[in-house]
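Quick notes on the structure that follows.
Just so we're on the same page: letters track the sequence lines, and every chain starts at 1. Computation of the quantities below employed the complete heavy-atom set of this structure, encompassing side-chain atoms and omitting hydrogens, waters and symmetry-equivalent molecules.
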Number of protein chains: 2
Amino acid sequence: MTLHSHRLTDRDNPIADDGDEVRFCSACAFSAASMRAGYDKAALRDLHVLVEHVGPYRAGEHVFRAHDPFRAIFAVRGGTVKTVSVDADGNEQVLGFYIPGEVVGLNAIYPERYPCDAIALENSYFCRFSFPAISALATRMPGLQQQLFKLISKELGMATRLAGDHGAEERMAAFLIDLAERYATQGFPVRRLHLAMSRNEIAAHLRLAPETVSRILGRFRETGLIALDVREVELRAPDQLHALARNVLGR
Amino acid sequence: MTLHSHRLTDRDNPIADDGDEVRFCSACAFSAASMRAGYDKAALRDLHVLVEHVGPYRAGEHVFRAHDPFRAIFAVRGGTVKTVSVDADGNEQVLGFYIPGEVVGLNAIYPERYPCDAIALENSYFCRFSFPAISALATRMPGLQQQLFKLISKELGMATRLAGDHGAEERMAAFLIDLAERYATQGFPVRRLHLAMSRNEIAAHLRLAPETVSRILGRFRETGLIALDVREVELRAPDQLHALARNVLGR
DNA sequence: AGCTTTCCTTGATCCAGATCAACCTAACTG
DNA sequence: CAGTTAGGTTGATCTGGATCAAGGAAAGCT
């Protein structure tokens, strides 16, 4: 196995340590939207005034907890978070994994409480946006409003795909492709990815047993679809993976 | 079997034939929000000018189709719709069922195309809202913006519950309880419900085989949880059903 | 009315993936 | 650095729900 990719560290990370105040959140979903919509510096400043940098959270620390009153959404600036819902019997369901540039907490708008825990998988940093404040601002910035709609709707699409009926291999392939593509949009290499989450967590996300996750990854490795060194993955045959994931991803 | 409930017809339906222009959409998610927020008649008029009544659609007719460009969302005024996504192999997944007062099409915001078909299950009527128009209006009506956020977020919650890992009985119980509660908020009897959808459609929603749906309903009947006459259901032991559904619904 | 079709139910068998079990590996601890 | 623990892999067995198969009701059509 030739795969000894040194994983991307905070040092390499194109997002985590951008110290410039104005460009600080350039990777963040909101400023990107604002820029696209052609807002002036003043509008951007409103956003920046509103934002609150939080972190670092260490691996295992809660960003928010289920049943906490909903006050803010969090844009991941660096690191990785999972959202988890634990039912009465203690079964853990991982609702999602969030990487830099993505936004956590949108599922709390309707219930007005967080319906899940958000837990850092590694050292993580966030931009915290008071939700009342950002939605008030959205009233004056149609582009921001639109962006918020899109973010929630996108999340809805993800949840829907996850709800689909599909074989374990299909779901696993879709998981890898989706994650790789999301990293790619954030400027990471397309065919390489580091899994910040354990097999257990992947399993709890895809409603599989951890053994099944392990076996399927093993099979993918043996059939040359991927190279694998525990948590380092290289997509060797993205097209075949895509073909497997086709029915899940809907393209 | 003592269950010969004459089902609610259009005539009985508290929503379908409310002819008064101003109160017309009183059941609809948007005017309700506007009222709550204390908007004046003028704001309500803006909403009413914007709305377009469409229908009837007969059972089996498309309200919109997958891949159509996204232009509008639809509030159900009367009848029932399902949203369905058909994958490359022809497998049908029912994403949701929508009853009067609910809104269809919100999952199209992000992709900017409808990601599914919407098909009437019976004679159905809608209020059609141009999405650009309603979001422009939302800019001037924070309460409406908030309502839109909530609607999408609520939908997200539904999709998430559907994505959960749960036994067939739990999911079936949750389906019945959820549907009954949704009807209840629209002024229908709490313990009675008419299933507008076939066993096949329930199965395609809950990722079960239709045979399993049939068997589980049969079991619920035999254990006295429900009374059942094909599509007429009476919840005989809502508490026990709730207990079964607990882990799915999260309460 | 009969005929057709679609939907629903019930029984028998099968299988994808869960569970149980054993062991391996790497990282953390004192 | 031995000892401990958490995470990962791999094999053997079990099972919930799918699939296959065969009839029964309703509902629409001629």
Side-chain angles (χ1 to χ4, degrees), chain A residues 1 3-4 7 58-60 82 89-94 119 121-123 164-173 175 194-223 226-233 244 247-248, chain B residues 1 3-4 6-7 58-60 82 89-94 119 121-123 164-173 175 194-222 226-233 244 247-248:
Chain A
M1 182 47 48
L3 193 75
H4 284 126
R7 58 161 300 206
R58 324 240 154 191
K82 65 172 176 182
D89 302 355
N91 307 308
E92 297 199 357
Q93 170 83 5
V94 171
I119 301 176
L121 297 184
E122 55 189 338
N123 255 11
D165 200 5
H166 302 283
E169 290 203 350
E170 291 181 322
R171 286 216 298 287
M172 192 69 222
F175 172 72
H194 171 78
L195 303 175
M197 68 294 292
S198 70
R199 301 289 191 263
N200 262 290
E201 289 164 330
I202 298 175
H205 184 50
L206 303 179
R207 45 172 199 276
L208 297 173
E211 293 93 330
T212 305
V213 170
S214 195
R215 276 188 254 268
I216 289 174
L217 286 176
R219 214 174 303 155
F220 283 177
R221 179 171 38 71
E222 279 175 9
T223 53
I226 62 174
L228 179 65
D229 180 22
V230 195
R231 292 189 178 197
E232 300 304 323
V233 183
L244 261 176
N247 284 339
V248 184
Chain B
M1 179 48 50
L3 192 75
H4 284 127
H6 69 143
R7 58 161 301 205
R58 324 240 153 187
K82 65 173 176 181
D89 302 355
N91 307 309
E92 297 199 357
Q93 169 85 3
V94 171
I119 301 176
L121 296 183
E122 55 189 337
N123 255 11
D165 201 6
H166 302 283
E169 290 202 351
E170 290 180 321
R171 285 216 299 288
M172 193 69 223
F175 173 72
H194 170 78
L195 304 175
M197 68 296 289
S198 70
R199 301 289 191 263
N200 262 292
E201 288 164 331
I202 297 174
H205 184 50
L206 303 179
R207 46 174 197 272
L208 297 173
E211 292 92 331
T212 305
V213 170
S214 197
R215 277 188 255 268
I216 289 175
L217 286 176
R219 214 176 303 156
F220 282 177
R221 181 171 37 72
E222 279 175 8
I226 62 173
L228 181 64
D229 181 22
V230 195
R231 292 189 179 196
E232 301 305 322
V233 183
L244 261 175
N247 285 339
V248 183

Whole angstrom is fine here: how far is it from CD1 in Ile202(A) over to P in dA18(C)?
14 Å
Span of DNA chain D in contact with chain A (heavy atoms, under 4.0 Å)
dG7(D) to dA12(D)
Nucleotide dA16(C), atom C1' - distance to CE of Met172(A) in whole Å:
17 Å
Atom CZ of Arg58(B) with >12 non-hydrogen neighbours under 6.0 angstrom:
no
Give me the atom names and distance for the closest heavy-atom approach of Ala203(B) to Ala209(B).
CB-C, 3.7 Å
Taking atom P of dG17(C) as reference, at what distance in whole Å does atom NE2 of His166(A) sit?
12 Å
In short, the helix from dA1(C)-dT30(D) to dG30(C)-dC1(D) is bent end to end, axes from five pairs each side, to 10°, by 40°
Pairs where residues 200-217 of chain A contributes a residue and the test salt bridge (charged side-chain N to carboxylate O under 4.0 Å, His left out) is met, not counting sequence neighbours
Lys82(A)-Glu201(A)
Whole angstrom value for the distance that separates C1' of dG17(C) from CD of Glu170(A):
14 Å
Provide the closest heavy-atom pair for Ala196(B) versus Arg231(B) in the form atom of the first, atom of the second, distance.
O-NH1, 3.2 Å
Select base, sugar-phosphate, or nothing to describe what Arg219(A) touches, counting heavy atoms under 4.0 Å on all strands.
nothing
By the 4.0 Å heavy-atom rule, please label Arg231(B) as base, sugar-phosphate, or nothing.
sugar-phosphate
Mark yes or no for whether Arg199(B), through its side chain, and Thr212(B), through its backbone, hold a donor-acceptor pair below 3.5 Å.
no
Nucleotides 28-30 of chain C: which of its N/O atoms have a protein N/O under 3.5 Å away?
none

Apply side chain to side chain contact (heavy atoms under 4.5 Å, CB included) to residues Val94(A) and Met197(A) and explain how you reach the verdict.
CA-CA 11 Å; Val94(A) 171; Met197(A) 68 294 292; over 6 Å; no
Relative to the 5' end of DNA chain D, which residue comes earlier, Asn200(A) or Asp165(A), by the nucleotide with the nearest heavy atom?
Asn200(A)
Nearest heavy-atom contact between Ala168(B) and Leu208(B) is CB-CD2, 3.6 Å
What's touching nucleotides 20-22 of chain C from the protein side, N or O pairs under 3.5 Å?
| from | atom 1 | to | atom 2 | distance (Å) |
| --- | --- | --- | --- | --- |
| dC20(C) | N4 | Glu211(A) | OE2 | 2.9 |

Looking only at atom types and distance, does a side-chain atom of Glu170(A) sit under 3.5 Å from a main-chain N or O of Gly167(A), one as donor and one as acceptor?
yes
Between dC8(C) (P) and Glu232(B) (CD): distance, integer Å
12 Å
Check: Arg171(B) main-chain N/O paired with His166(B) side-chain donor or acceptor under 3.5 Å
no
Nearest heavy-atom neighbours spanning Leu228(A) and Val233(A)
CD1-CG2, 3.9 Å
Whole angstroms only, please: what is the CZ-P distance between Arg199(A) and dA26(C)?
13 Å
Write down the distance between CG (Leu217(B)) and C1' (dT10(C)), rounded to a whole number of angstrom.
14 Å
Check: Asn247(B)/Asn91(A) side-chain N/O donor and acceptor closer than 3.5 Å
no
For Asp229(B) and dT9(C), what is the distance between atoms CG and P respectively, to the nearest whole Å?
10 Å
Side chain to side chain donor-acceptor pair (under 3.5 Å) involving Asp165(B) - partner list, sequence neighbours excluded:
none
Where is the tightest heavy-atom contact between Ala204(B) and Gln93(B), given as atom of each residue plus distance?
O-OE1, 3.6 Å
Closest-nucleotide 5' rank along DNA chain C - winner of Ser214(B) and Gly167(A)
Ser214(B)
Within the 4.0 Å heavy-atom criterion, would you say Arg171(A) contacts the bases, only the backbone, or no part of the nucleic acid?
nothing
Does Thr212(A) have a side-chain nitrogen or oxygen under 4.0 Å from the phosphate oxygens OP1 or OP2 of dA18(C)?
yes
Give one of base, sugar-phosphate or nothing for Ala168(B), where a contact means two heavy atoms less than 4.0 Å apart.
sugar-phosphate
Residues two or more places apart in sequence or in another chain: which of them pass side chain to side chain contact (heavy atoms under 4.5 Å, CB included) with Glu169(A)?
Ile216(A), Arg219(A), Phe220(A), Leu244(A)
Those residues at least two apart in sequence (or on a different chain) that pass side chain to side chain donor-acceptor pair (under 3.5 Å) with Asn200(A) are none
